[in-house]
Amino acid sequence: MPELPEVETTRRGVSPHVIGRRVVTVNVREHRLRWPVPADLAQRMTGETVTAVDRRAKYLLFRTGRGSMMLHLGMSGSLRVLNAASEPGPHDHVDLILDHGHLLRYRDPRRFGSIHWLDGDEDHHALLDQLGPEPLSDVFTGDLLFQLSRGRKAPVKNFIMDSHVVVGVGNIYANEALFLAGIHPQRAAGKISAARYQRLAQTIRQVLEQAIAKGGTTLRDFVNESGSPGYFRHELKVYGRGGEACEGCGTALKEIRLGQRTTVYCGRCQR
DNA sequence: CCGGACGCCTGTCGGC
DNA sequence: TGCCGACAGGCGTCCG
């Protein structure tokens, strides 16, 4: 799915269309997502006005006076703003009909996404409790990565994809950030120097910010609120380029499996 | 505590 | 052409 840049692109895209709008009707056509959609979601949200759309990790939080709808896009989810009269397709599971003749539509072919309801104004949920820092915040630093990684034997790629360490870094951007930092994805996390973690924290932040600026990466399913894809795919240096020449040295990029995920790197530039 | 594997689900693509 | 396995932006859970 959607990694952090795609979720942030979605947040920014839907915000102006939903903030200040009242929810007139909630249509849940499919309750079976990763977890069941709350049976009382419609009862909770109908009549409420959306006051803000926030993001924590890869979750979107739609604020209302009574509580928040917490939504995850999973691997194949997307949110679109459409005319209230538009007909839903096969994987369009949930609609929020708004008071200005438009609707917010949640589509998710693989149904790995989820929707929860948080009562009141607290962000209290088991799925949020154990999350690490936001990579675009000040508390995310190379020092933090260095401290947390001591004694860890897992590959550094797995380490930076661990949501207890830092949130929002999925498979695409983990590959990209490691390439930009010149770090081999299989290197043990606990054996990397503080200086190299400074560089890695920097490239993680850089690649996420640049991807947001391009509206995220679309491989297959991701579209923004208007139905347009993200354009960062053209900027990817290694992901999806196994066998191609490394931009830095011309060597063929290698492709392996790490933790069940495709991993691409340059055996010469990344050590 | 840590690390690795397994499912959840649908769609697509490559190989035979 | 058709079938079958592998794989796809995630992540909670289970097991050693």
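Labels below follow one simple rule: chain letters A, B, ... track the order of the sequence lines, proteins then strands, and each chain is numbered from 1. Values in this document were obtained by computation on a predicted structure and should not be read as measured data.
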Quiz item: Taking atom P in both B:dC6 and C:dA6, what distance in whole Å separates the two?
Solution: 12 Å
Self-check item: Donor-acceptor contact present, side-chain A:Asp162 to main-chain A:His164, <3.5 Å
Solution: yes
Self-check item: Donor on one side chain, acceptor on other, A:Asn171 and A:Lys157, under 3.5 Å
Solution: yes
Self-check item: C1' gap between B:dG3 and C:dA8, integer Å
Solution: 23 Å
Practice problem: Answer yes or no: is there a donor N or O on one side and an acceptor on the other, between the side chain of A:Glu3 and the main chain of A:Ile172, under 3.5 Å? | Solution: yes
Quiz item: Mapping A:Arg220 and A:Pro155 onto DNA chain B by nearest heavy atom, which one lands closer to the 5' end?
Solution: A:Pro155
Quiz prompt | Base-pair map of DNA chain B as dot-bracket, where | denotes pairing with a different strand and pairs are Watson-Crick or G-U under 3.5 Å | solution = .|||||||.|||||||
Quiz item: Think A:Arg111 has a side-chain N or O under 4.0 angstrom from the OP1 or OP2 of C:dC11?
Solution: no
Exercise. Please lay out, stage by stage, how A:Asp108 and A:Ser76 fare under the test side chain to side chain donor-acceptor pair (under 3.5 Å).
Key: CA-CA 5 Å; A:Asp108 186 1; A:Ser76 58; 2.6 Å; yes
Quiz item: For DNA chain B, which nucleotides open and close the run of contacts to chain A, 5' to 3', at under 4.0 angstrom from a non-hydrogen atom?
Solution: B:dC2 to B:dT12
Quiz prompt | Donor on one side chain, acceptor on other, A:Arg257 and A:Thr263, under 3.5 Å | solution = no
Quiz item: Between A:Tyr265 and A:Gln186, what is the shortest heavy-atom contact and its length?
Solution: OH-OE1, 4.4 Å
